[in-house]
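What you see is a predicted model, and the numbers here were worked out from it, not measured in a lab.
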Amino acid sequence: MAKTQLNVRVDETTAEAARLRASERGMSVNRYIEELVKQDAGEAGRTFVESAADFMKQYESIFTEEFGAERAGAR
């Protein structure tokens, strides 16, 4: 995906908080801000739910064997 440069202005306290949080997570400030926007837009949540659904579909038969149809969520 092509990247677009976006310039924002924030006060020094906010800038330092962004630098600190990004550093704690081992990522650049750019990546940190990108992740925050994606989370706010719900993309991260949708990706998680889609991945969880794919996982359950892939392993449904194993869950059904282990826990029975009712507990495994089978209909």
With [X], which residues qualify under side chain to side chain contact (heavy atoms under 4.5 Å, CB included), at least two apart?
X	value
Q58	none
T14	V10, D11
D54	none
V8	L6

Pairing residues for E12 by the salt bridge (Lys or Arg N to Asp or Glu O under 4.0 Å) criterion, not counting sequence neighbours: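 So E12 forms a salt bridge (Lys or Arg N to Asp or Glu O under 4.0 Å) with R19.
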
R31: which residues meet the salt bridge (Lys or Arg N to Asp or Glu O under 4.0 Å) condition with it, sequence neighbours left out?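 Residues passing salt bridge (Lys or Arg N to Asp or Glu O under 4.0 Å) with R31: E34, E35.
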
Set of side-chain hydrogen bond (donor to acceptor under 3.5 Å, both in side chains) partners for Q5, sequence neighbours left out: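 With sequence neighbours excluded, Q5 shows a side-chain hydrogen bond (donor to acceptor under 3.5 Å, both in side chains) to N7, given in chain and number order.
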
To the nearest 0.5 Å, what is the distance between CZ (R21) and OH (Y32)?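 Those atoms lie 5.5 Å apart.
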
Just verifying a value: how many Å separate F63 CZ and K57 NZ, rounded to the nearest 0.5 Å?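 Reported value, rounded in 0.5 Å steps: 15.0 Å.
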
M27 and L36: same hydrophobic cluster, using ILVMFWY side-chain contacts below 4.5 Å?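 Hydrophobic grouping puts M27 with L36.
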
Indicate, with yes or no, if F67 and M56 share a hydrophobic cluster defined by side-chain heavy-atom contacts under 4.5 Å among Ile, Leu, Val, Met, Phe, Trp and Tyr.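 Shared cluster, yes.
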
